[in-house]
Amino acid sequence: MEAAISVLEDDPSFDAGKGSFLNAQGRVEMDASIMDGANLNTGAVAAVQCVKNPIKLARKVLDSDWALIVGEGALEFAREQGVETCNNWSLVTQQELQRWAEHPGQVQNYLRDGAFYSDLLGPSGDTVGAVAMDDKGNIAAGTSTGGSNNKPCGRVGDSPQIGCGTYADNSKGGVSMTGPGELVIRVVLAKHAVDLLKEDFRAQQAADSAIQYLKARVGGVGGIIIVDHWGGVGHAKTTHMMSCAYMTEGLSEPVVEV
Ligand code: ASP
């Protein structure tokens with residue numbers, strides 16, 4: 001799962017790792033989290049710069065005594081742990097530089113007008129995430145993002161906040177989310193979605209219901225992927241886009257939806 005997210009972070013098409021949206025200072029500043037559903041262990045980093053794969057750093061946090069490390073401290077932790085660091089510019093793409101230059105002050109407008117995030121901040125749904133279950137029923141979930149375009153320096157979204165952008169519990173299921181962090185946080189959506197899972201309300205119903213709840217309760221758009229502890233897969237979105245793929249026992253090749 002960490003490996004799958006690393007591949008997506010390295011792909012400049014997504015808002016994570018290389019290709020992240022830029023903050024108000026024109027720098028890449030990233031958030032990531034990972035959760036082990038067997039023991040409810042968590043690891044997260046937020047507002048970290050100059051790390052090639054924030055999910056690998058989040059994994060190091062999971063393996064440590066800590067739960068969440070931010071900013072300069074997270075970069076220092078990466079150096080200590082031997083997680084690859086890089087020049088901030090190596091994570092910046094031409095496309096994101098252009099988006100940043102063409103849309104200044106969007107965050108301020110969003111906060112003032114309370115309008116839909118996706119209309120103001122660009123194509124929400126580019127955050128990356130994965131949920132995996134092994135043959136023993138262990139579930140892990142993770143999420144990685146560059147956040148939103150022109151966000152203030154130090155802004156942290158839902159993705160590194162356990163229960164908001166990511167959650168995993170072997171007794172229920174695992175979730176990873178995309179969507180406007182400022183709204184997802186208000187409804188603690190990943191934990192909400194996991195708690196919806198029941199014998200007769202499985203991954204797909206929980207995914208649909210969680211996304212409707214985000215809209216109904218706080219007017220947010222979002223995208224969600226879920227694996228329930230029976231091995232079922234669900235996904236739903238109201239974002240403009242959210243590519244997704246899954247592979248389950250019995251399938252000869254992955255199902256891909258772009
Ligand atoms: N959830 C991310 C954040 O608010 C952004 C996104 O998923 O589009 O930082």
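Both ligands and their constituent atoms are indexed starting at 1 by order of listing. For this chain, numbers begin at 1 and follow the sequence in order. Quick caveat, the model's predicted, so the values are computed rather than measured.
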Inset, instruction - Number the atoms of ligand 1 from 1 as they appear, then name those within less than 4.0 Å of a heavy atom of S159, with their elements. - result: 1 (N), 2 (C)
Legend entry - Test side-chain contact (heavy atoms from CB on, under 4.5 Å) applied to C50 and R79, E29, R27, the passing residue: R27
Legend entry - Test item: L75 and Q49 side chains (from C-beta on) under 4.5 Å apart, heavy atoms: no
Legend entry - Contact with ligand 1 for G165, non-hydrogen, under 4.0 angstrom: no
Inset, instruction - Determine whether the side chain, the backbone, both or neither of R155 has a heavy atom under 4.0 Å from any heavy atom of ligand 1. - result: side chain
Inset, instruction - For residues 33-52, pull every pair meeting salt bridge (Lys or Arg N to Asp or Glu O under 4.0 Å), keeping only residues two or more places apart or in separate chains. - result: D10-K52
Inset, instruction - Check whether any side-chain N or O of N23 sits under 3.5 Å from a backbone N or O of N150 as a donor-acceptor pair, and report yes or no. - result: no
Inset, instruction - Can you sort out which atoms of ligand 1 are near T178, meaning under 4.0 Å from one of its heavy atoms? - result: 6 (C), 7 (O), 8 (O)
Legend entry - Any V184 side-chain heavy atom under 4.5 Å of L214 side chain: yes
Legend entry - Shortest reach to atom 1 (N) of ligand 1 by a heavy atom, considering only T127, T145, D158: D158
Legend entry - Contact atoms of ligand 1, heavy-atom distance to G181 under 4.0 Å: 3 (C), 4 (O)
Legend entry - Carboxylate-amine/guanidinium contact E80 K60, below 4.0 Å: no
Legend entry - Best match, P180, S144, G179: closest heavy atom to atom 5 (C) of ligand 1: G179
